[in-house]
Amino acid sequence: MRAEQVAALAAVGGTLLGTSHRQAPVRRLVSRVREGLADLFSLPDGYEVVLGNGGSTAFWDVATVSLVRQRAQHAAFGEFGAKFASATTRAPFLTDSSVRTAAPGSVALPEPEDGIDVYAWPHNETSTGVMAPVRRVPGSREQGALVVVDATSAAGASRSTSPRPTSTTSPRRRASRPTAGCGWRCSRPTPSRGPRRSSAADAGCRSSCR
């Protein structure tokens with residue numbers, strides 16, 4: 001941590017630390033962060049930034065409610081990706097997810113599929129050490145589908161899997177927005193029929209998804 005961050009935390013120790021998250025000082029800080037992130041990413045009307053504490057479980061819940069319209073496709077090749085797939089599959093308001101799996105130590109990749117509005121997979125699967133490429137799924141832009149990639153940094157040794165790139169698999173960086181420092185990246189082309197449901201941010205990572 002930078003010395004400036006430590007000093008800033010110490011400066012508010014008497015007003016923020018040790019008090020309830022329901023008290024005005026904390027509520028004002030949370031409101032300021034949400035508004036600042038919404039302004040930073042120029043969020044459309046009706047989009048929101050969600051903040052919280054803890055691991056990715058809260059993000060999976062928020063993403064399941066706020067990012068998936070009807071059906072998601074997941075590439076599950078370890079614990080992390082499988083848990084997100086389980087969250088969307090269990091949701092009673094969504095169609096059962098399409099889940100592409102692979103044996104431990106190998107990788108599964110998303111594939112174009114009709115009726116999918118969210119494609120999701122981990123970049124680094126920490127439970128197996130496998131790394132998957134980050135790319136837009138071919139045809140997802142035409143579908144208006146959201147691409148969500150867990151960008152958690154690799155823990156320990158990782159095995160890189162690098163399929164031969166093609167002209168249809170290059171990432172569209174201009175459309176991407178970071179959604180987590182620990183965390184998820186997502187991208188969706190600007191909808192042509194107006195704002196969607198509220199957008200979401202990773203609970204612990206304090207960023208927004210567009």
Side-chain angles (χ1 to χ4, degrees), residues 37-38 41-52 55-102 107-123 125 132-152 168-180 183-203 205 207-210:
L37 288 171
F41 291 107
S42 302
L43 296 188
D45 291 341
Y47 280 56
E48 299 178 4
V49 174
V50 178
L51 303 179
S56 294
T57 301
F59 170 76
W60 290 323
D61 290 342
V62 171
T64 297
V65 170
S66 299
L67 299 184
V68 184
R69 287 193 184 103
Q70 293 182 322
R71 192 175 188 227
Q73 183 190 110
H74 298 266
F77 44 95
E79 294 277 343
F80 205 85
K83 287 183 178 179
F84 190 16
S86 177
T88 59
T89 297
R90 292 197 315 266
F93 47 86
L94 298 176
T95 302
D96 286 350
S97 299
S98 171
V99 184
R100 300 178 57 81
T101 60
V107 67
L109 297 177
E111 294 291 343
E113 184 177 348
D114 291 340
I116 298 297
D117 53 77
V118 166
Y119 292 93
W121 70 95
H123 177 33
E125 179 49 77
V134 178
R135 66 190 191 189
R136 176 169 283 283
V137 179
S140 59
R141 183 174 180 83
E142 291 73 19
Q143 286 179 293
L146 179 68
V147 173
V148 181
V149 177
D150 162 42
T152 303
T168 61
T169 60
S170 59
R172 299 186 60 85
R173 297 183 183 276
R174 184 172 59 83
S176 296
R177 295 290 184 271
T179 56
W184 294 81
R185 291 185 63 81
C186 61
S187 64
R188 187 194 294 278
T190 303
S192 59
R193 56 181 181 277
R196 298 175 58 253
R197 289 182 296 172
S198 296
S199 181
D202 186 323
C205 301
S207 290
S208 64
C209 172
R210 180 175 177 181

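Heads up: numbering here begins at 1 and tracks the sequence.
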Check whether any side-chain heavy atom of [X] lies under 4.5 Å from a side-chain heavy atom of [Y], and answer yes or no.
X	Y	result
Trp121	Val149	yes
Asp117	Val68	yes
Thr64	Phe93	yes

For Arg100, give me all partners under salt bridge (charged side-chain N to carboxylate O under 4.0 Å, His left out), at least two apart in sequence or on another chain.
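For Arg100, no residue satisfies salt bridge (charged side-chain N to carboxylate O under 4.0 Å, His left out) once neighbours in sequence are set aside.
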Set of salt bridge (charged side-chain N to carboxylate O under 4.0 Å, His left out) partners for Glu113, sequence neighbours left out:
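Here the qualifying residues are Arg71.
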Using side chain to side chain donor-acceptor pair (under 3.5 Å) as the criterion, list what pairs up with Ser86, not counting sequence neighbours.
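Ser86 satisfies side chain to side chain donor-acceptor pair (under 3.5 Å) with Arg90 once adjacent residues are dropped.
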Check the surroundings of atom CD in Glu79: do more than 12 heavy atoms from other residues, nucleotides or ligands lie under 6.0 Å from it?
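Check fails, neighbour count at 12 or below.
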Taking all heavy atoms of [X] and all of [Y], pick out the closest pair and write down the distance.
X	Y	answer
Ile116	Gln143	O-NE2, 3.5 Å
Ala75	Ala108	CB-O, 3.3 Å
Leu109	Pro133	CD2-CD, 3.6 Å
Ala38	Val49	N-CG2, 4.1 Å

Does [Y] offer a backbone N or O that forms a donor-acceptor pair with the side chain of [X] under 3.5 Å?
X	Y	result
His123	Ala132	yes
Gln70	Gly115	no
Ser66	Ala63	no

For Ala82, what residues pass the side chain to side chain contact (heavy atoms under 4.5 Å, CB included) criterion, not counting sequence neighbours?
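For Ala82, the residues satisfying side chain to side chain contact (heavy atoms under 4.5 Å, CB included) (neighbours in sequence not counted) are Ala76.
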Mind checking the [atom1]-[atom2] spacing from [X] to [Y]? Nearest 0.5 Å is all I need.
X	Y	atom1	atom2	answer
Phe59	Leu67	CZ	CG	5.5 Å
Ser98	Tyr119	OG	OH	8.5 Å
Thr95	Arg69	OG1	CZ	13.5 Å

Ring-plane angle category for His74 and Phe84, please: parallel below 30°, perpendicular beyond 60°, tilted otherwise.
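Judged by the thresholds at 30° and 60°, the geometry between His74 and Phe84 is perpendicular.
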